[in-house]
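Numbered from 1 within each chain, the chains take letters A, B, ... in sequence-line order. It should be emphasised that the depicted structure is a prediction, and the values quoted were computed from it without experimental measurement.
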Number of protein chains: 2
Amino acid sequence: MPNSRLRLTPQRRIILEELRNTRCHPTADEVYDLVRKRLPHVSLGTIYRNLDFLHTQGLILKLDKVGTQMRFDAFVDPHLHISCLKCGKVADLPQNAATVTLRTEGLTDSEAGFEVTGHWLELYGVCADCGNKVVVDK
Amino acid sequence: MPNSRLRLTPQRRIILEELRNTRCHPTADEVYDLVRKRLPHVSLGTIYRNLDFLHTQGLILKLDKVGTQMRFDAFVDPHLHISCLKCGKVADLPQNAATVTLRTEGLTDSEAGFEVTGHWLELYGVCADCGNKVVVDK
DNA sequence: ATATCTGCAAAGGATTTGCACGAGT
DNA sequence: ACTCGTGCAAATCCTTTGCAGATAT
């Protein structure tokens with residue numbers, strides 16, 4: 001039978017520490033850059049594998065609906081994310097910044113016949129930096 | 001000076017017709033398959049370029065928050081989408097199936113300093129087909 | 001010993017792009 | 001002529017995977 005004990009390797013510990021040290025919702029390659037400062041020989045494959053592992057363990061969030069790359073978040077308490085339409089930056093907003101009300105009673109009878117099990121709300125806007133930025137390009 | 005007249009080429013017309021003939025929110029390669037039945041020599045690059053063109057013209061929606069591939073929708077009236085967690089299928093739901101209430105007054109003062117300009121709500125669940133399906137694999 | 005984990009490099013999938021030719025005005 | 005659009009193929013970007021060696025118990 002397989003030994004299902006899972007290890008907290010230095011790589012995993014440091015990835016988690018770095019994620020917990022920032023609220024920047026870094027992409028995998030940004031995590032890679034952070035971790036490489038402490039583990040110069042770490043590989044990007046290990047970063048991806050362990051981000052996925054930590055996500056499976058429920059230790060981090062995987063944000064796959066924000067821009068073109070996945071982003072990761074070690075703060076797993078319920079909260080909302082807002083992404084900047086100009087620079088792609090992702091920030092946290094309090095959970096009560098928006099409320100979603102579902103009318104589920106009608107839904108299972110709709111033509112789709114779907115059972116609704118959850119939802120994902122994504123806010124977008126313009127961050128402080130980009131809002132203040134003077135537009136230079138034509 | 002550039003001639004800014006834009007052409008409704010056979011490729012564009014047929015892509016739009018095929019999209020308007022389905023409510024299946026096809027991916028680019030599914031559109032490719034549909035169009036190829038009528039234009040056997042069309043290329044996938046042309047499909048991508050014209051889907052982007054039609055989106056820029058406001059003629060179709062580009063759904064980039066649904067699964068790993070973009071999906072396209074010629075029905076541009078406001079409505080919601082729900083995607084099946086098991087098979088990835090996307091279906092329409094009436095706009096009033098869910099309401100989002102934003103508390104914007106507090107937001108610009110939050111630590112993020114974001115100005116909220118919009119939001120995207122994604123519902124997910126289990127479609128009728130997958131809900132009825134007997135699980136065979138171990 | 002044995003299962004898990006890593007680094008490396010290669011493969012994979014989706015999308016975009018460069019280029020020469022074709023089409024419309 | 002002069003754009004704009006197309007087909008083809010290659011390139012790009014992000015992510016996943018195969019494999020041989022390393023690590024922990």
Parallel, tilted or perpendicular, as decided by the 30° and 60° cut-offs, for the rings of A:His81 and A:Trp120
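The arrangement is parallel - the two ring planes meet at less than 30°.
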Using a 4.0 Å cut-off on heavy atoms, which residues in residues 43-65 of chain B reach DNA chain D? List them by number, or say none.
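Those residues whose heavy atoms fall under 4.0 Å from DNA chain D, taken from residues 43-65 of chain B in numerical order, are B:Ser43, B:Thr46, B:Arg49, B:Asn50.
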Can you check the [X] [atom1] to [N] [atom2] distance for me, whole Å?
| X | N | atom1 | atom2 | answer |
| --- | --- | --- | --- | --- |
| B:Met70 | D:dC14 | CE | P | 13 Å |
| B:Asp29 | C:dT16 | CG | P | 13 Å |
| B:Arg38 | D:dT6 | CZ | P | 15 Å |

State whether A:Arg49 and A:Asp52 are salt-bridged, where the test is any N-O pair (Lys NZ or Arg NE/NH1/NH2 against Asp/Glu carboxylate O) under 4.0 Å.
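A:Asp52 and A:Arg49: not salt-bridged.
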Where the side chain of B:Gln11 is defined as all heavy atoms beyond and including C-beta, which of C:dT15, D:dG7, C:dT6 is the nearest nucleotide?
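Looking only at heavy atoms from C-beta outward on B:Gln11, the closest nucleotide is D:dG7.
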When you measure only distances, ignoring hydrogens and angles, does the side chain of A:Arg7 come within 3.5 Å of the base of D:dT25 through a donor and an acceptor?
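Answer is no: no donor-acceptor pair is held.
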Quick one, B:Val66 and B:Glu122 - any side-chain contact, counting heavy atoms below 4.5 Å?
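Of all side-chain heavy-atom pairs linking B:Glu122 with B:Val66, at least one is under 4.5 Å.
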Both B:Ala28 and B:Pro10 contact DNA chain C. Taking the nearest nucleotide for each, which residue is further toward the 5' end?
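Between the two, 5'-proximity favours B:Ala28.
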Would you confirm whether A:His41, through its side chain, and A:Leu39, through its main-chain N or O, come within 3.5 Å as a donor-acceptor pair?
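Checking the backbone N and O of A:Leu39 against the side chain of A:His41, no donor-acceptor pair under 3.5 Å is found.
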Any side-chain N or O of A:Thr9 under 4.0 Å from OP1/OP2 of C:dT6?
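Result: yes.
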